[in-house]
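Chain identifiers are assigned alphabetically (A, B, ...) following the order of the sequence lines, protein sequences preceding nucleic acid strands; residue numbering begins at 1 within each chain. Nothing here was measured: the structure is a model prediction, and the numbers come from that model.
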Amino acid sequence: MSAEKPLFPFVTVDVALFTIEEQRLKVLLVKREEAPYAGCWALPGGALKPHLDGTLLDAVHRVMERKLSASLPWVEEVCTFNGANRDPRGWSLSVLHMALFPMDRIQAVAGLRVSEVKWADAELSLEALAFDHRRVLERAVQHLRNSVERGALPLQMLPQKFTLTQLQKTCEIVLGKSLDKSAFRRRLKELHAGDIEEIEGEFERGVQRPAQLWKAVKAMLIK
DNA sequence: CCTATTTAAACCAAAGTGGT
DNA sequence: ACCACTTTGGTTTAAATAGG
């Protein structure tokens, strides 16, 4: 038993950073170097430092700067996890954030040492994570899935230029089920007419009919 | 003739559309 | 929601042509 318990909870941010790699939804994990849970994989995160961070979002960006050589295109607050027992160090309040990262830039993860950072399968990795991160991650996946289910487009996971088939495939991977092409495109027209636009004269060429390339109109997009 | 090169038609995979 | 159709351009195959 420790001598004295802190009077206040400590506040942390946790980040579930998603991307698509090899047709699967991946999440960024880091290996903890210090106790508690030294050597365990965990979602990247860190304590809020009031003298450095004006807001929680500042803390998110500060924490992630060390892992990425690129800035996060998009971050969303998901929910909080709190309690006296979820962290052995004491009463903690952590704010889960979900972030998306472009699939064509996953090498921008600055794996200082490769053993420190990895893209793990967001759904299948049954390995134990530090703290209650298994549950936290599940919550993040569920949040992303719900958004896409409601019609949001995870454009931040796509390259700058993408085809509609790519976009649909990305949604399918997130949702874990296949979608109907016709219905998908109809919905795009109805819900996202102004959100994405064709890049005139630019096509993805392959062995098949060239596919129109599109781009996101705004930097940020999920609805 | 036989072979190399050009031209063309047939084929295929995926894009994109429309009907029920 | 489901499926079939049309469109498109690359790929493959085959035929036509030329050069020796």
Side-chain angles (χ1 to χ4, degrees), chain A residues 16-29 68-79 96-109 111 118-126 134-223:
Chain A
L17 177 58
F18 294 113
T19 193
I20 305 280
E21 186 190 19
E22 286 167 352
Q23 307 282 296
R24 304 211 53 95
L25 183 64
K26 302 281 182 161
V27 67
L28 188 73
L29 296 182
L68 302 171
S69 61
S71 59
L72 295 176
W74 187 73
V75 182
E76 181 179 307
E77 198 174 297
V78 178
C79 65
L96 169 62
H97 290 74
M98 177 181 85
L100 303 182
F101 202 73
M103 58 177 87
D104 60 332
R105 299 183 61 200
I106 49 179
Q107 76 285 357
V109 174
K118 70 173 176 183
W119 289 106
D121 197 297
E123 330 213 31
L124 288 189
S125 69
L126 296 169
R134 186 72 241 163
R135 194 164 63 90
V136 174
L137 173 57
E138 274 166 20
R139 189 65 174 274
V141 171
Q142 184 192 328
H143 180 79
L144 172 60
R145 206 170 257 173
N146 287 344
S147 301
V148 173
E149 190 75 56
R150 278 188 251 107
L153 301 177
L155 293 172
Q156 295 78 9
M157 292 200 289
L158 289 160
Q160 295 268 307
K161 302 175 182 180
F162 54 88
T163 67
L164 295 188
T165 303
Q166 255 180 305
L167 174 57
Q168 180 180 338
K169 200 86 195 61
T170 301
C171 290
E172 288 175 344
I173 290 166
V174 167
L175 295 174
K177 67 178 182 188
S178 55
L179 300 169
D180 179 70
K181 182 163 61 164
S182 188
F184 183 77
R185 298 196 176 199
R186 212 168 10 252
R187 191 135 91 127
L188 277 183
K189 278 201 179 112
E190 288 163 13
L191 264 51
H192 299 288
D195 299 333
I196 58 176
E197 66 183 24
E198 302 180 28
I199 307 174
E200 190 128 351
E202 291 205 38
F203 300 89
E204 177 79 17
R205 286 162 185 287
V207 69
Q208 78 294 17
R209 172 176 173 175
Q212 178 66 53
L213 283 169
W214 296 68
K215 66 180 178 191
V217 171
K218 306 160 203 157
M220 182 235 51
L221 201 40
I222 278 202
K223 276 187 182 171

Check: What is the minimum heavy-atom distance between Lys215(A) and Phe162(A), and which atoms define it?
Finding: CA-CE2, 3.8 Å
Note to self: Working note: Leu213(A) + Phe203(A), criterion side chain to side chain contact (heavy atoms under 4.5 Å, CB included); need CA distance, chi angles, decisive distance, verdict.
What the structure shows: CA-CA 5 Å; Leu213(A) 283 169; Phe203(A) 300 89; 5.6 Å; no
Next item on the list: Just jot down the side chain to side chain contact (heavy atoms under 4.5 Å, CB included) partners of Ile106(A), sequence neighbours excluded, or say none.
Entry: Thr19(A), Glu21(A), Trp119(A)
Note to self: Checking Arg145(A) now: which residues fulfil salt bridge (Lys or Arg N to Asp or Glu O under 4.0 Å) with it, not counting sequence neighbours?
What the structure shows: Glu123(A)
Checklist line | Leading and trailing nucleotides of DNA chain C with any atom under 4.0 Å from heavy atoms of chain A | finding: dA1(C) to dT11(C)
Item checked: Heavy-atom protein contacts under 4.0 Å, nucleotides 13-20 of chain B, coded B base, S sugar-phosphate only, - none -> BBBB-BB-
Item checked: Qualifying side-chain hydrogen bond (donor to acceptor under 3.5 Å, both in side chains) pairs with a residue from residues 96-106 of chain A, counting only residues at least two apart or across chains -> none
Checklist line | side-chain hydrogen bond (donor to acceptor under 3.5 Å, both in side chains) partners of Gln208(A), counting only residues at least two apart | finding: none
Checklist line | Qualifying residue, where the test is side chain to side chain donor-acceptor pair (under 3.5 Å) with His143(A) and the options are Glu76(A), Glu138(A), Glu77(A) | finding: Glu76(A)
